[in-house]
Amino acid sequence: MAAKKSEKLEPADESQEITFIALMLLLLCFMVIMVSLAQMEGPRFRKAIGSVHGAFSMLTSGAGESIADEGGPGVLPLKAQAKVREAVELKEQIDEILGDDLAGLFRVDITDDGFRLTLGSLVLFDLGRAMLKPGASPVLDEVVLFLREWSGNTTVVGHTCDLPIHTVLYPSNWDLSVARAVEVVRYLETRGIAGSKLAAMGMADSSPVAPNDDEHREINRRVEIILECEPACGGV
C-alpha cells in the first residue's frame, strides 16, 4: 500500500487579527483621553482646549443638546459657544482693520466669567495722551457691536508702562491710565452702550504683563475691556 503524501500546511492569514487589535488599541487610547478631559475642572478644561492668543477651540456634545445646555463635563454651554464664535469673528475683523503691523496689539482671552479684550494703547492713543486717535473709531465700533449683544457688565481698565509722566493734565501714570479708561467708556456710551453697564478704572504701571524694558514697554501700555458674564447669559 502506497504511503500517503503529507499535505503542506498553508500559513494562517493574520492580517485581519492585527488590524482588529490595532483598532481596539486606538479606541482604548481615545476613551482614556475622553475620560481625562471629562474629569477636568472648568478653567483647566478651557485652557486645555486653547486660550485665545490667536484663536479659539470649540467642542460640541456628541450626546445631544441637553448636555451642552447644562454645561456638562468637557462641553461649553451653547450660549457660551455662540459668544466664543462671536469673539473669534471680532478678533478677525479688528485684525483686518489694524493690518499686519498692529494686529499683534489686539488680543482676546477667555476668563472664568467672560472675556478680556486687550488693545495696545498705540492703537487708541498717542504717547502721553488720553484723547482717542481718529483711527481708534473703527476698532472701537467693532467692540461696540460685540457689546450690544452682551448682557453682563463691562469694565475698561487703563494700564501704562513705568516711565513717569508729569504734565498739567496728567501729573502721574495713575491720572493718565484713569483718563484713558474714562475716554473709552465715554466713547462706548455715545455709541449706545448703557452707562449702568460700564465702569472705568486705572492701574497705572502696577500690573505689567511683561518686563518694563525698552523691548516690552509697549506691551504694558494697554487698555483692557473686561466683559463679565451674568449667570443668565450662560457662562463662558
Side-chain angles (χ1 to χ4, degrees), residues 43 46-47 50-57 80 83-130 132-133 135-150 152-163 173-174 176-188 191 193 197-213 215-229 236:
R46 283 190 290 271
K47 290 180 181 177
S51 62
V52 197
H53 284 284
F56 289 88
S57 293
K83 297 310 297 182
V84 169
R85 285 193 292 270
E86 290 176 21
V88 173
E89 293 173 0
L90 173 67
K91 176 162 179 59
E92 291 174 349
Q93 290 162 355
I94 291 182
D95 282 351
E96 185 175 349
I97 292 171
L98 295 177
D100 295 338
D101 293 338
L102 298 178
L105 296 178
F106 177 63
R107 281 183 47 178
V108 182
D109 294 287
I110 299 178
T111 63
D112 288 342
D113 55 359
F115 295 99
R116 180 175 60 249
L117 315 179
T118 303
L119 283 159
S121 64
L122 182 63
V123 175
L124 303 175
F125 305 102
D126 289 322
L127 191 63
R129 301 291 184 88
L132 286 170
K133 298 163 65 172
S137 294
V139 173
L140 291 178
D141 286 344
E142 293 295 336
V143 174
V144 166
L145 293 176
F146 187 78
L147 291 180
R148 283 176 181 167
E149 304 299 324
W150 189 257
N153 294 326
T154 300
T155 302
V156 180
V157 185
H159 298 268
T160 69
C161 67
D162 65 338
L163 294 178
N173 280 320
W174 290 103
L176 178 61
S177 62
V178 170
R180 286 178 169 176
V182 169
E183 184 75 1
V184 173
V185 164
R186 283 176 177 165
Y187 187 91
L188 299 179
R191 293 301 189 271
I193 306 302
K197 294 285 187 178
L198 296 170
M201 63 182 295
M203 297 294 292
D205 61 336
S206 65
S207 185
V209 292
N212 271 306
D213 53 32
E215 184 179 354
H216 299 98
R217 278 196 179 95
E218 190 57 53
I219 300 175
N220 292 326
R221 300 176 192 135
R222 66 197 191 278
V223 171
E224 294 177 341
I225 302 175
I226 300 171
L227 287 69
E228 300 171 0
C229 188
V236 174

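Here, residue 1 is the first one in the sequence, and each next residue gets the next number. Since we're looking at a predicted model, the values are computed, not measured.
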Distance, nearest 0.5 Å, that separates CG of Leu98 from CD of Glu96: 10.5 Å

By salt bridge (charged side-chain N to carboxylate O under 4.0 Å, His left out) - contacts of Arg186 (at least two apart): none

Heavy-atom closest contact (Ala200 atom, Val185 atom, distance): CB-CG2, 3.7 Å

Side chain to side chain contact (heavy atoms under 4.5 Å, CB included) involving Ala204 - partner list, sequence neighbours excluded: Thr160, Asn173, Trp174, Ser177

Test side-chain hydrogen bond (donor to acceptor under 3.5 Å, both in side chains) applied to Arg129 - qualifying residues, sequence neighbours left out: none

Test item: Leu227 and Phe146 side chains (from C-beta on) under 4.5 Å apart, heavy atoms: yes

Partners meeting salt bridge (charged side-chain N to carboxylate O under 4.0 Å, His left out) with Glu224 (sequence neighbours left out): Arg222

Beyond-backbone contact of Thr154 with Leu147, side-chain heavy atoms, under 4.5 angstrom: yes

Ala103 to Lys91 - nearest heavy-atom pair and separation: O-NZ, 4.4 Å

Interatomic spacing from CG in Leu188 to CD in Glu183 - rounded to 0.5 Å: 10.5 Å

Residue list, side-chain hydrogen bond (donor to acceptor under 3.5 Å, both in side chains) with Asp213, at least two apart or on another chain: His216

Salt bridge (Lys or Arg N to Asp or Glu O under 4.0 Å): pairs with one or both residues in residues 135-147, sequence neighbours excluded: Asp141-Arg191

Heavy-atom closest contact (Gly135 atom, Pro138 atom, distance): O-CD, 3.3 Å

Closest heavy-atom pair and its distance - Phe115, Ala87: CE2-CB, 3.9 Å

Side chain proximity check, Asn153 to Thr155, heavy atoms < 4.5 angstrom: no

Residues that Asn220 engages under side-chain hydrogen bond (donor to acceptor under 3.5 Å, both in side chains), provided they are two or more places apart: Asn212

4.5 Å side-chain heavy-atom contact, Leu117 and Ile94: no

Separation of Ile226 CD1 from Asp109 CG (nearest 0.5 Å): 10.5 Å

For a quick test of your reading: what N or O donor-acceptor pairs under 3.5 Å do the side chains of residues 118-127 make, sequence neighbours left out?
from, atom 1, to, atom 2, distance (Å)
Ser121, OG, Arg221, O, 3.2

Residues that Glu86 engages under salt bridge (charged side-chain N to carboxylate O under 4.0 Å, His left out), provided they are two or more places apart: Lys83

Any Val143 side-chain heavy atom under 4.5 Å of Val184 side chain: no

Spatial distance of atom OG1 (Thr111) from atom CZ (Arg116) [nearest 0.5 Å]: 7.0 Å

Pairing residues for Arg180 by the salt bridge (charged side-chain N to carboxylate O under 4.0 Å, His left out) criterion, not counting sequence neighbours: none

